[in-house]
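Read through the structure below, which is laid out as structure tokens, and then see the notes.
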Amino acid sequence: MSRMFASVFAIFWKDVLSEIRTKEIVTAVLVFALLVLVIFNFAFDAASGTTARIAPGILWVAFTFAGILGLNRVFAIEKENASLAGLRLCPVDRMVIFWGKLAGSFTFMLVIAAVITPIFLVLFNLPLFLPRLALIIVLATLGFTSVGTLFSALAMNIRARDIMLPILFLPLVVPVIIGAVETTTCVLAGGPWSDMLTWLEIMIAFDIIYLVVATLMFEFVIEE
């Protein structure tokens, strides 16, 4: 078991070091997400009283499309660097590769969220201390990246992968995105835990189901 965790960490750390050197994923995704927030901030007047209704949708639109931009590169980098064959030849179970890649995607997305969320709250004149929003972001990001990492591997051999990934991926993650928007609306309105409990349970169930399904299917997806 410890060897498996060491292998997962090795793949995760390889992606982190690669990203630190190139800054290819985080920089592009971060700039895109910030541009979306700034454009929406100019489009809607924060003093008009509609902020609480539209702000959750704006946050998750920015996060979703920026996330797709990043997920497109998770396995594309391996293919462009001709290192995918090396990963396949590693004497480890295929699910180790999936969990290593998932850990990298999850970490990158959390870094993006940690940067854009405070900026979003300031731009839309919302309270800065919202610990429940952090829980929502973690749950939504886990579901988002578990499905996205699988579909990134699936789309890497498709010629128009930049177009096909969102077409294949978005319909599946709609439940977790809707859950994130609904729970964020409750948090920004100062609602109680009981009002968001059902959506939190849906998001947790989504995370568990797709973590298991993606882990089991990855072996078949990565084979040529």
Side-chain angles (χ1 to χ4, degrees), residues 1-30 63-64 66-115 134-158 161-162 164-166 168-170 172-173 176 203-224:
M1 184 65 75
S2 60
R3 184 181 174 185
M4 187 185 79
F5 283 119
S7 301
V8 169
F9 182 78
I11 294 172
F12 161 74
W13 191 242
K14 175 191 77 66
D15 283 358
V16 171
L17 289 179
S18 175
E19 181 59 27
I20 290 173
R21 288 171 186 157
T22 63
K23 298 178 179 58
E24 187 175 352
I25 295 177
V26 171
T27 304
V29 173
L30 190 57
F63 197 70
T64 299
I68 291 172
L69 195 65
L71 289 170
N72 250 325
R73 302 296 300 159
V74 173
F75 279 94
I77 290 175
E78 302 293 351
K79 188 163 186 177
E80 290 168 6
N81 295 333
S83 55
L84 187 62
L87 278 179
R88 287 201 192 100
L89 290 173
C90 289
V92 294
D93 198 298
R94 293 288 189 264
M95 74 173 185
V96 168
I97 300 174
F98 172 75
W99 280 91
K101 286 291 186 183
L102 172 61
S105 304
F106 182 68
T107 304
F108 294 149
M109 292 299 293
L110 285 186
V111 170
I112 301 298
V115 174
L135 172 65
I136 294 166
I137 289 172
V138 170
L139 289 176
T141 303
L142 184 58
F144 192 86
T145 50
S146 60
V147 180
T149 304
L150 177 68
F151 276 82
S152 177
L154 183 67
M156 69 179 167
N157 291 319
I158 300 175
R161 64 169 181 266
D162 293 342
M164 292 304 296
L165 178 61
L168 297 171
F169 167 68
L170 280 175
L172 281 182
V173 294
V176 80
M203 292 168 70
I204 292 170
F206 183 97
D207 290 356
I208 294 172
I209 290 170
Y210 277 97
L211 277 174
V212 173
V213 170
T215 301
L216 294 177
M217 290 185 64
F218 184 74
E219 181 176 357
F220 304 102
V221 169
I222 199 173
E223 296 296 337
E224 292 190 3

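Values below: all heavy atoms of this structure, side chains included; hydrogens, waters and symmetry mates excluded. Counting begins at 1 with the first residue of the sequence.
For the pair Tyr210/Val173, no side-chain contact is recorded, criterion being any heavy-atom separation below 4.5 Å from C-beta on. Under the 4.5 Å side-chain criterion, counting only non-hydrogen atoms from C-beta, Phe218 is in contact with Ile97. Between Thr64 and Leu170 there is a side-chain heavy-atom pair separated by less than 4.5 Å. Here the side chains of Leu172 and Phe151 are in contact, with some heavy-atom distance below 4.5 Å. Residues Ser146 and Leu102 form a side-chain contact, since some pair of their non-hydrogen atoms from C-beta on lies under 4.5 Å apart. Side-chain contact between Ile136 and Met203: present, with at least one pair of heavy atoms (C-beta onward) separated by less than 4.5 Å. The side-chain heavy atoms of Met109 and Phe63, taken from C-beta on, include a pair separated by under 4.5 Å. Phe108 has its side chain out of reach of Val29: every pair of non-hydrogen atoms, C-beta onward, lies at least 4.5 Å apart.
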Q: Could you check Phe144 against Phe169 for ring-ring contact (aromatic ring centres under 6.0 Å, His included), going step by step and ending with a plain yes or no?
A: CA-CA 9 Å; Phe144 192 86; Phe169 167 68; 5.0 Å; yes

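A distance of 15.0 Å separates CZ of Arg94 from CG of Leu216, quoted to the nearest 0.5 Å. Between the CG atom of Asp15 and the CD atom of Glu19 there is a distance of 9.0 Å, given to the nearest 0.5 Å. Rounding to the nearest 0.5 Å gives a distance of 9.5 Å between OG1 of Thr149 and CG of Leu211. Atom CG of residue Asp93 and atom OG1 of residue Thr215 lie 10.0 Å apart, to the nearest 0.5 angstrom. Going from atom CG of Leu69 over to atom CG of Leu30 covers 11.5 Å, rounded to the nearest 0.5 Å. We find the CG-CG distance between Leu150 and Leu71 to be 11.0 Å, quoted to the nearest 0.5 Å.
In this structure, the side chain of Thr141 does not engage the main chain of Val138 through any donor-acceptor pair within 3.5 Å. Without hydrogens or angle criteria, Ser152 side chain to Gly148 main chain gives no donor-acceptor distance under 3.5 Å.
Contact record, Ser7 with Val96: CB-CG1, 3.5 Å, taken as the closest heavy-atom pair.
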